[in-house]
Amino acid sequence: MTDIQTLTLTRPDDMHLHLRDGAALRDALPWTARQFARAIVMPNLRPPVVRLQQALDYRQRILHALPAGSDFTPLMTLYLTDETTPDMVAEAARSDMIHAFKLYPAGATTNSDSGVTELKRAYPALEAMQREGMPLLIHGEVTDADVDIFDREAVFIDRHLIALRRAFPELRVVLEHITTAHAAEFVRTAPEVDARGVPLLAATITAHHLLHNRNALFQGGIRPHYYCLPVLKRESHRLALLDAATSGDPRFFLGTDSAPHARDAKEAACGCAGCFTAVDALELYCAAFEERGALHRLDDFASRFGAEFYGLSRNAGTVTLARRSWTVPLQLPYAEAEIVPLHGGELLSWQVQPAPDA
Ligand code: DOR
Ligand code: ZN
């Protein structure tokens, strides 16, 4: 237990975020804009954001949906498909508006059916990305039905990531939302850095994977709001992720993977994957870092390492959290329906200041 009462961070960046579109965007975005200065915005809309102009249009819709006075900056990404050409990569790089391409193995998760069917097909695009210094963000799970869902990340690393890094040793890669000791170790032991000393392989870690193991999915009954992909793993993996996040290693940085779905899409016979953490993201990361007595490491994890990886300057300004218990709203309005934030209805012991209704 520590007696720290307030924690002031450089305004942080969420380096992995789902914002959706239309009314859902309108209702999800303000929560992130309250806590974060910038976010890497995922392109898995329907249809996916595959062309530069689609990303520029989506960016405008995000800016229009911001609350008055917000200076939040969306950092756009494009969705890598079998049809992504080296020219599309070069055009995206020239625009300065596209910060990465996202690789979803086809069928891996929400709206991933346009994803890459076989990694080799993407090799010309990956070669162009390596040349342009354009990062590749990877949803690192195999989709083969014969691979156990709890093994899909580790198998992806062994079957695909090792070969991919050999083929493109200078490609900038983020292994997104890592969930296993295997992934943390793979990233931690990747020695490659660029001329500025920035790691070429990094990983984002979500708050929910730092705080929960797979028991959370079945605590007293089935708990759909804890269901995300990659799925929560056993406790030893959670502990390895906590080690990585709190180690001060610049290869690991914050990405919430906050992924809003309406309540009825989660609480269903076949519920959607995704934890909505935009409402209480920093508070959840605080709880995780405090578990390790590592609150002093949160600033670099949340506000520095990600910016350095993407070649961005650090944000001006700060955000302050106070040790104050508060109850996370049980549900919130979401696209003419409602949404349940992760930990909705529960007490948390840190709170971003000022509180939203202050
Ligand atoms: O849980 C998840 N939800 N994992 C993903 O990879 C996608 C996301 C979503 O878009 O809902
Ligand atoms: Zn995601």
Side-chain angles (χ1 to χ4, degrees), residues 13-22 24-25 27-29 31-32 36 39-50 58 62 74-80 99-116 135-143 149-150 152-153 156 173-180 183 202-212 214 216-217 223-233 253-268 270-278 281 284 306 334-335 337 339-342:
D13 298 314
D14 182 350
M15 293 311 192
H16 185 125
L17 176 67
H18 298 269
L19 280 176
R20 314 304 189 205
D21 211 345
L25 167 66
D27 291 335
L29 174 64
W31 296 105
T32 291
F36 295 95
I40 292 279
V41 179
M42 290 299 123
N44 63 332
L45 303 183
R46 245 182 222 288
V49 182
V50 294
Y58 184 30
I62 296 170
L75 306 170
M76 308 311 292
T77 63
L78 289 178
Y79 191 115
L80 189 71
H99 295 266
F101 278 68
K102 177 70 188 279
L103 164 65
Y104 291 100
T109 187
T110 309
N111 298 351
S112 65
D113 25 312
S114 316
V116 171
L136 175 70
L137 316 183
I138 301 182
H139 183 111
E141 288 191 289
V142 294
T143 54
I149 190 166
F150 293 101
R152 287 181 181 182
E153 183 176 274
F156 181 89
V173 173
V174 183
L175 191 52
E176 298 286 345
H177 41 56
I178 59 169
T179 60
T180 57
T204 51
I205 308 182
T206 77
H208 43 287
H209 290 101
L210 289 175
L211 285 172
H212 301 290
R214 63 196 191 180
L217 283 159
R223 302 269 186 168
H225 297 289
Y226 286 89
Y227 173 58
C228 63
L229 288 170
V231 70
L232 295 171
K233 304 296 192 300
F253 48 81
L254 185 154
T256 62
D257 199 18
S258 177
H261 293 277
R263 177 200 278 278
D264 62 353
K266 294 282 295 172
E267 299 174 8
C270 184
C272 293
C275 298
F276 182 49
T277 53
L284 297 180
Y334 179 74
I339 190 165
V340 177
L342 194 70

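What you are looking at is a predicted structure, and each value in this text was computed from that prediction instead of being measured. Both backbone and side-chain heavy atoms feed into the values below; hydrogens, waters and symmetry mates do not. Order of appearance sets the numbers: ligands from 1, and atoms from 1 within every ligand.
- Protein heavy atom closest to atom 3 (N) of ligand 1, with residue, atom name and distance, is Ala273 O, 3.0 Å.
- Under 4.0 angstrom from ligand 1, there are no non-hydrogen atoms of His16.
- In terms of distance to the Zn ion (ligand 2), the nearest N, O or S atom of Asp257 is named OD1.
- The Cys228 neighbourhood of ligand 1 comprises atoms 1 (O), with distances under 4.0 Å to a heavy atom of that residue.
- Residue-to-ligand polar distances keep Ala259 apart from ligand 1: every N/O pair is separated by 3.5 Å or more.
- Checked options His18, Lys266, Arg20; the residue passing with His261 is Arg20 (criterion: side-chain hydrogen bond (donor to acceptor under 3.5 Å, both in side chains)).
- Rounded to the nearest 0.5 Å, atoms CG (Leu175) and OG1 (Thr204) are 7.5 Å apart.
- The shortest N or O to N or O distance between His261 and ligand 1 is under 3.5 Å.
- Ring pair Tyr104/His139 is tilted by interplanar angle, where 30° to 60° counts as tilted.
- Here the shortest heavy-atom pairing between His208 and Leu232 reads O-CD2, 3.7 Å.
- Judged by distance alone, with hydrogens and angles left aside, the side-chain atoms of Asp27 form a donor-acceptor pair with the main-chain N or O of Ala335 at under 3.5 Å.
- Smallest separation of non-hydrogen atoms from Ala202 and Phe253: CB-CE2, 3.6 Å.
- Counting all heavy atoms, side chain and backbone alike, Leu45 lies closest to Asp21 at CD1-OD2, 3.7 Å.
- On a distance-only criterion, Leu229 and ligand 1 share at least one N/O pair closer than 3.5 Å.
- Ligand 1 places these atoms under 4.0 Å from at least one heavy atom of Asn44: 9 (C), 10 (O).
- One finds the CG atom of Leu342 at 5.0 Å from the NE2 atom of His212 (value rounded to the nearest 0.5 Å).
- Taking every heavy atom of His139 and a limit of under 4.0 angstrom, the matching atoms of ligand 1 come to 6 (O).
- The shortest N/O to N/O separation between Gly274 and ligand 1 falls below 3.5 Å.
- The Zn ion (ligand 2) does not have His177 among its coordinating residues (no N/O/S atom, backbone or side chain, under 2.8 Å).
- No side-chain donor-acceptor contact under 3.5 Å links Lys233 and Thr180.
- The NE2 atom of His18 and the NE2 atom of His16 subtend an angle of 110° at the Zn ion (ligand 2), given to the nearest 10 degrees.
- Between Lys102 and ligand 1 there is no heavy-atom distance shorter than 4.0 Å.
- The nearest N, O or S atom of His139 is not closer to the Zn ion (ligand 2) than 2.8 Å.
- Not one N, O or S atom of Glu176 sits under 2.8 Å from the Zn ion (ligand 2).
- Put simply, CD on Glu176 and CE on Met42 are 5.0 Å apart, with the number rounded to the nearest 0.5 Å.
- Atom 7 (C) of ligand 1 has its closest protein heavy atom at Thr109 OG1, 3.3 Å.
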